[in-house]
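Beneath this line is the structure, given in structure tokens, with notes to follow.
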Amino acid sequence: PGVHFLHKTLMQWFGPSLMPGRWLLCVVNTLSATTLFVVASRLTGSWKWGLLAPFLFMAWVPVHPGQFASFNIPYPVWYNVFFFLLTALLALRIADRPSLGLLFLGGLLAGLGFTFKPNVGLFQLAASAMVTLLGFGRPRTKPESALWWAWWLALLGGLLVVFSSASGG
């Protein structure tokens, strides 16, 4: 419903034109490519390799000359790509320097992603939780260890239940 309400608001503000929505999609896709560059540069340790990722991302986007360009269609996943990449960037920062504030922000971004497209929001939350578990390191005490393993089991079990039932299996 997030994309519906966002584009409805744009139409209320700017009238019954699709152009404000298309401009917003242009901004969101540009921000996604920029964030992908930052994430890829951090992961590879090189801005040159980092630059390859957004070029491949944009080359992958289907364009049908004379008919349509898929990045111009207000499909929720364009917003989710940006939310997911922001969460990935936060996860990298959390792995370097654990912070409850960044964890909270990551949870808000996952919630926002869920609002736009629920299955992507769930993947976003699961990926964030996995990176966070790895980023905080292995626990030192038995109670911490029990909690750590319980969290992993709940996370992986939850993913298995949600995504196996969603596919009709």
With a 6.0 Å cut-off (strictly less than), is the heavy-atom count around CH2 of W49, excluding the residue itself, greater than 12?
no
Of all the heavy-atom pairs spanning P54 and A33, show the shortest one and how long it is.
CB-O, 3.5 Å
To the nearest 0.5 angstrom, please state how far the CG atom of L25 sits from the NE2 atom of H7.
5.0 Å
Could you see if V39 belongs to whatever hydrophobic cluster contains L102? Use Ile, Leu, Val, Met, Phe, Trp, Tyr and a side-chain cutoff under 4.5 Å.
no
Euclidean distance, W47 CH2 relative to L52 CG, rounded to 0.5 Å
12.0 Å
Kindly write out the residues that satisfy side chain to side chain contact (heavy atoms under 4.5 Å, CB included) with T115, not counting sequence neighbours, or none if the list is empty.
none
Nearest-0.5 Å distance, CG of residue L24 to CG of residue N29
9.5 Å
Beyond-backbone contact of K117 with V3, side-chain heavy atoms, under 4.5 angstrom:
no
Heavy atoms of G50 and A40 approach each other most closely as CA-CB, 3.7 Å
Given the rule that I, L, V, M, F, W and Y join up when any side-chain heavy atoms are under 4.5 Å apart, are V61 and L31 in one cluster?
yes
In this structure, would L156 and W149 fall into the same cluster of hydrophobic residues linked by side-chain contacts under 4.5 Å?
yes
Do Y79 and L108 share a hydrophobic cluster (ILVMFWY, side-chain heavy atoms under 4.5 Å, transitive)?
no
In Å, rounded to the nearest 0.5 Å, how long is the span from OG1 of T9 to NE2 of H4?
8.5 Å
Within this structure, what is the CZ-CG distance for the pair F5 and L10, rounded to the nearest 0.5 Å?
13.5 Å
Heavy-atom check, side chain of L43 versus side chain of L92, under 4.5 Å
yes
V81 side chain reached by F57 side chain, heavy atoms, under 4.5 Å:
yes
Between W13 and L18, is there a shared hydrophobic cluster once you connect ILVMFWY residues whose side-chain heavy atoms come closer than 4.5 Å?
no
Using 0.5 Å steps for rounding, measure from the OG atom of S17 to the CE atom of M11.
7.5 Å
Solution key, residues 82-90 side-chain donor-acceptor pairs under 3.5 Å, sequence neighbours excluded:
residue : atom : partner : partner atom : Å
T87     : OG1  : F83     : O            : 2.9
T87     : OG1  : Q124    : NE2          : 2.6

Do F116 and W78 have side chains that get closer than 4.5 Å, going by heavy atoms?
no
Going by side chain to side chain contact (heavy atoms under 4.5 Å, CB included), name the residues that satisfy it together with F55, two or more places apart in sequence or in a different chain.
L51
Can you check whether T30's main-chain N or O pairs, donor with acceptor, with T34's side chain at less than 3.5 Å?
yes
